[in-house]
Amino acid sequence: MMPLHHLVFADHPMRAEDVEGRVAVPFRPQVPMLDNCPVRKWFFLSGAIIAEVTGTLALKGALDSPALYFLVALSYAAAFVFLSLTLRVGMPLGIAYGIWGAAGVALTAVCSLIIFAEPLTPVMITGIVFVMAGVILVEAGNRDDDEHLAAPDLPAVEQGDAVEPGDES
């Protein structure tokens, strides 16, 4: 059981603990410097991508220098923290994970070419392009769904035109 000083009280459908008609829910800290920033989801997602690529590259480097395993663990932990923040500020999971995965694959391939002199063949480049195209299509599909879910414009109702419930005739 979480101590009460870690809880805030609010009306919530999933009741954790009832206290005088209020429900205890875990406290979710806000990030004040980014509260009104419209690009915060992209900021967090970029952090997740950079951290994941760093961890993956450090994993390769740790084969020769085991001290880098600490950087691997730290980077992967940071990647998941940033990804969870991305989801918390409202980016859909399918979009966030798709972009995270595709960008991670592309950046890891390019960085491993630069850092470790690993090959990047035309077939690999084509595969990366297809993965990126797939993510773009998923994002475009998400925007189409958002437009369908938007409330339709309803005609204005005059005050005398209101219909009482049960009087639809």
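Values below: every heavy atom of this structure, side chains too, minus hydrogens, waters and symmetry copies. In this text the structure is predicted, and so the values were computed from the model without any measurement.
Residue Ala102 comes nearest to Val131 through the heavy atom pair CB-CG1, 3.4 Å, listed as atom of the first residue, atom of the second, then distance. Closest approach of Gly98 to Val135, counting heavy atoms only: O-CG2, 3.3 Å.
One distance of note links OG1 of Thr86 with CZ of Phe44; it measures 7.0 Å at 0.5 Å rounding. Taking CD1 from Ile99 and NZ from Lys41, the interatomic distance works out to 9.0 Å, rounded to the nearest 0.5 Å.
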Checking side chain to side chain contact (heavy atoms under 4.5 Å, CB included) for the pair Trp42/Met91: CA distance, chi angles, key distance, verdict?
CA-CA 9 Å; Trp42 298 107; Met91 184 176 281; 3.7 Å; yes
Checking Val89 against Phe43 for the side chain to side chain contact (heavy atoms under 4.5 Å, CB included) test, could you report, in this order, the C-alpha distance in whole Å, the side-chain angles of both residues, the deciding distance, and whether it holds?
CA-CA 11 Å; Val89 295; Phe43 172 78; over 6 Å; no
Using residues 47-55 as the side-chain source, report each donor-acceptor pair under 3.5 Å to any protein atom, sequence neighbours left out, with the distance given to one decimal.
unit_1, atom_1, unit_2, atom_2, d
Glu52, OE2, Thr56, OG1, 3.4
Thr54, OG1, Ile50, O, 2.7

Pairs under 3.5 angstrom only: tabulate donor-acceptor contacts from the side chains of residues 109-121 to other protein residues two or more places apart or in another chain.
unit_1, atom_1, unit_2, atom_2, d
Ser112, OG, Thr108, O, 3.0
Ser112, OG, Ala109, O, 3.0
Ser112, OG, Glu118, OE1, 3.4
Glu118, OE2, Lys60, NZ, 3.1
Thr121, OG1, Met124, N, 3.2

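Val123 is not connected to Ile125 by any chain of hydrophobic side-chain contacts under 4.5 Å among Ile, Leu, Val, Met, Phe, Trp and Tyr, and they are in different clusters. Clustering ILVMFWY residues whenever any of their side-chain heavy atoms sit less than 4.5 angstrom apart, transitively, puts Leu57 in a cluster other than the one holding Leu71.
Evaluation of the side-chain contact (heavy atoms from CB on, under 4.5 Å) rule for Leu87 yields Leu93, Ala96 as partners, not counting sequence neighbours. Under the rule for a side-chain contact (heavy atoms from CB on, under 4.5 Å), the partners of Val105 that lie at least two apart in sequence or sit in another chain are Ile128. Thr126 meets the side-chain contact (heavy atoms from CB on, under 4.5 Å) test with Phe130; sequence neighbours excluded.
Residue pairs meeting the ring pair (Phe, Tyr, Trp, His ring centres under 6.0 Å) criterion with at least one member in residues 71-114, sequence neighbours excluded, are Phe80-Trp100, Tyr97-Trp100.
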